[in-house]
Asker: 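First the structure, which I've put down as structure tokens, then a few questions once you've had a look.
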Amino acid sequence: MSVPVLTIDGPSGAGKGTVSRLVAKKLGWHYLDSGSIYRSLAVALAKQSVDLTDKAEIVKIAQTMGLEFDCGDELVVKLNGEDITGQLGLESTGNTASVIAAYPEVRQVLLKKQQDFKRPPGLVADGRDMGTVIFPDAENKVFLTASAEKRAERRYKQLIEKGIDANLSRLTIEIEERDRRDMERTNAPLSMARGALFIDSSEMAVDAVVAEVLDLIR
Ligand code: C5P
């Protein structure tokens, strides 16, 4: 029996994580937050103070790092047995992730780790290249976006709620910089998969986005 896959790609802060988690819960499917794999590698590199231009070392660490994911209501990630969940959401982690994600060799090593999440009864996969590279045969694909201002605003609120200090104008600049890097890289750039449903969530409530995605599946 083939396992159904729903891919949700889009830029950072578009609400992919929130929407994917809710849709997966509604359907009773597994959930892959692929950004957290790149973020985990970023944390592993920071721990060892690896130079971000040292590709060989980065690939070696990507190959050997032990990752465990517990995708319950809240994602918990362990790196070589240590809980690194708290470090995943930091802006510095996201920015490093987007730098190393541009290396094709790194993407190649992380490809299978992501495909292994496909298990019955189904998978919701969120990221940048889920519908184009990792699961090109997925039956259902969504491209979820929102204006850079809205995305920065949402990110700002999330950080403040977590008690993390944040600056809205700096966040907007960082989001635009990250988008540029993710869209302009030659290997698996952020782009809309053919046949994907395009949703601009700038003026939509989360529930409305979830309903539209569930409609697609049905
Ligand atoms: O989605 P998230 O913000 O957690 O991703 C962090 C970074 O990881 C992104 O900016 C992107 O560069 C990279 N990424 C990627 N491909 C994915 C998921 C994330 O290149 N499928």
Side-chain angles (χ1 to χ4, degrees), residues 5-21 31-46 52 55 58-59 62 65 67 69 71 74-77 79 84-118 123-136 138 141-146 148 150-152 154-156 158-159 162 164 166 171-193 196 201:
V5 176
L6 162 68
T7 61
I8 303 190
D9 289 307
S12 54
K16 302 186 302 287
T18 309
V19 169
S20 302
R21 198 168 283 120
Y31 167 49
L32 164 62
D33 169 0
S34 62
S36 67
I37 297 185
Y38 290 90
R39 285 172 183 266
S40 300
L41 177 57
V43 172
L45 300 177
L52 295 186
K55 274 196 215 176
I58 296 172
V59 168
M65 66 179 178
L67 287 184
F69 284 83
C71 306
E74 293 287 329
L75 177 74
V76 175
V77 180
L79 168 68
I84 56 159
T85 315
Q87 291 152 74
L88 290 183
L90 300 176
E91 289 308 293
S92 55
T93 304
N95 291 329
T96 300
S98 122
V99 172
I100 55 172
Y103 298 149
E105 299 86 343
V106 168
R107 304 198 73 85
Q108 189 55 39
V109 172
L110 300 184
L111 184 117
K112 196 170 172 299
K113 284 192 201 293
Q114 296 171 75
Q115 291 175 335
D116 284 346
F117 277 76
K118 181 174 163 183
L123 176 70
V124 180
D126 120 36
R128 304 293 186 291
D129 61 342
M130 298 296 101
T132 50
V133 177
I134 308 293
F135 301 108
K141 301 181 182 183
V142 171
F143 190 84
L144 182 61
T145 189
K150 277 279 173 205
R151 292 187 282 122
R154 288 176 188 164
R155 189 77 194 120
Y156 177 79
Q158 275 176 359
L159 290 171
K162 282 190 203 158
I164 300 173
L171 271 179
T172 310
I173 294 170
E174 281 179 4
I175 280 200
E176 285 170 346
E177 169 71 10
R178 182 123 68 94
D179 288 351
R180 193 188 52 69
R181 233 181 353 241
D182 288 348
M183 285 187 289
E184 289 181 358
R185 67 177 179 228
T186 34
N187 195 266
L190 168 63
S191 67
M192 187 162 132
S201 73

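Each ligand, and each atom within it, is numbered from 1 in the order the structure gives.
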Asker: Please tabulate, one pair per line, all N/O donor-acceptor pairs under 3.5 Å involving side-chain atoms of residues 98-110, not counting sequence neighbours.
Answerer:
residue, atom, partner, partner atom, Å
S98, OG, R181, NE, 2.6
S98, OG, R181, NH2, 2.9
Y103, OH, L52, O, 2.6
R107, NH1, A101, O, 2.8
R107, NH2, Y38, OH, 3.2
R107, NH2, D129, OD2, 2.9

Asker: Write down, by chain and number, every protein residue that brings a non-hydrogen atom to less than 4.0 Å from an atom of ligand 1.
Answerer: S34, G35, Y38, R39, A97, S98, A101, R107, G127, R128, D129, M130, R178, D182, R185

Asker: Kindly determine whether R154 and T18 satisfy side chain to side chain donor-acceptor pair (under 3.5 Å), including the steps that lead there.
Answerer: CA-CA 12 Å; R154 288 176 188 164; T18 309; over 6 Å; no

Asker: Tell me whether D182 is salt-bridged to R185, with the criterion being a basic N under 4.0 Å from an acidic carboxylate O.
Answerer: yes

Asker: Just jot down the ring pair (Phe, Tyr, Trp, His ring centres under 6.0 Å) partners of Y31, sequence neighbours excluded, or say none.
Answerer: none

Asker: Which heavy atom in G89 sits nearest to a heavy atom in L159, and how many Å separate them?
Answerer: O-CD2, 4.5 Å

Asker: The criterion is side chain to side chain donor-acceptor pair (under 3.5 Å); which residues satisfy it with R155, sequence neighbours excluded?
Answerer: E91, Q158

